[in-house]
Amino acid sequence: MAVDCHIHMALDGGYWKDALARHKEAPDEAFIRKTLETYKRLGFTYLRDGGDRWDAGKRASELAPEYGIRYRTPVFPIYRKGHYGSFIGRGFETLDDFRALISEVKVRGGHFIKIMISGLMDFNRYGVLTDEPMPGALIRELTNIAHGEGFSIMAHANGDAAVRGAVLAGIDSVEHGAYLTDETLHMLAESKTVWVPTLVTIGNLIGDTRFPEEATRPLLAYQMAAVRKAADFGALITPGSDAGAYRVFHGQGGLDELALLREALGENADEILARGTAEIEARF
Ligand SMILES: [Zn+2]
């Protein structure tokens, strides 16, 4: 039995524009079924999608029971206009826009809310993020609205400021979490927020020529050490690969993530991850 708490059915591990083009008329059911079959063959029983605005993940959630998989979808991820997320999500400017998107997720049968509250790691430059974090007060308002509608929240968050904002707001899971300092890892450990470190999105770049290893190797080492520290402090951690992201292939990516987490966490890895995964499965 395996779980992957962060995948994107709409993507395929290649270039995102080509992958998304496949679903633009309608979700590509042949691709989705083939992917679900791969997960089933590898023993996956729980998948949590990060969403896409073409309904590939939503269609997958409808088909997944045929494959013995519990599949959770936010329908589409939500980003703040002018910030990271426009390639795959739906944007908001005002809180009323945000409330309208939440209502739409509810009407369309979404299981939770996914929001983007930071940029990405810059894989060309160690230590650099691609966007400023969302202000803490706004993170708190969005969280209160979504929780008020009965939804759990998954947040794409890199860097101390965004992750602290998420923890203080009571967001249910933070995804990626690059460059966290010890103080933030302590805050995470004292909260009920589950960390999904997606190590394989970095690990699978090593040996590829797209990004310089002077940037990717120290980033992976930093993240592996942070995961170990967070676990020592008592944080909730669960495997999620970001499958579909560049060079992270469906199914195999989840297995690769588990291998990296086991390497980072040592002999108690399975026990540590079981705690985090139980929280995710209960809330999402
Ligand atoms: Zn993702």
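Both ligands and their constituent atoms are indexed starting at 1 by order of listing.
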Is there a side-chain contact (heavy atoms from CB on, under 4.5 Å) between Lys81 and Phe92 once you walk through the steps?
CA-CA 6 Å; Lys81 283 190 180 162; Phe92 74 94; 6.0 Å; no
Would you say His8 reaches the Zn ion (ligand 1) with an N/O/S atom under 2.8 Å?
yes
Output yes if His176 passes the N/O/S-under-2.8 Å test against the Zn ion (ligand 1); output no otherwise.
no
Listed partners of Asp270 passing side-chain hydrogen bond (donor to acceptor under 3.5 Å, both in side chains), at least two apart:
Arg262
Identified side-chain contact (heavy atoms from CB on, under 4.5 Å) counterpart of Arg48 within the set His111, Glu281, Glu175
Glu175
Just grab all the ring-ring contact (aromatic ring centres under 6.0 Å, His included) pairs involving residues 54-77, residues at least two apart or on different chains.
none
Near the Zn ion (ligand 1), is there an N/O/S atom from Asp242 that is less than 2.8 Å away?
yes
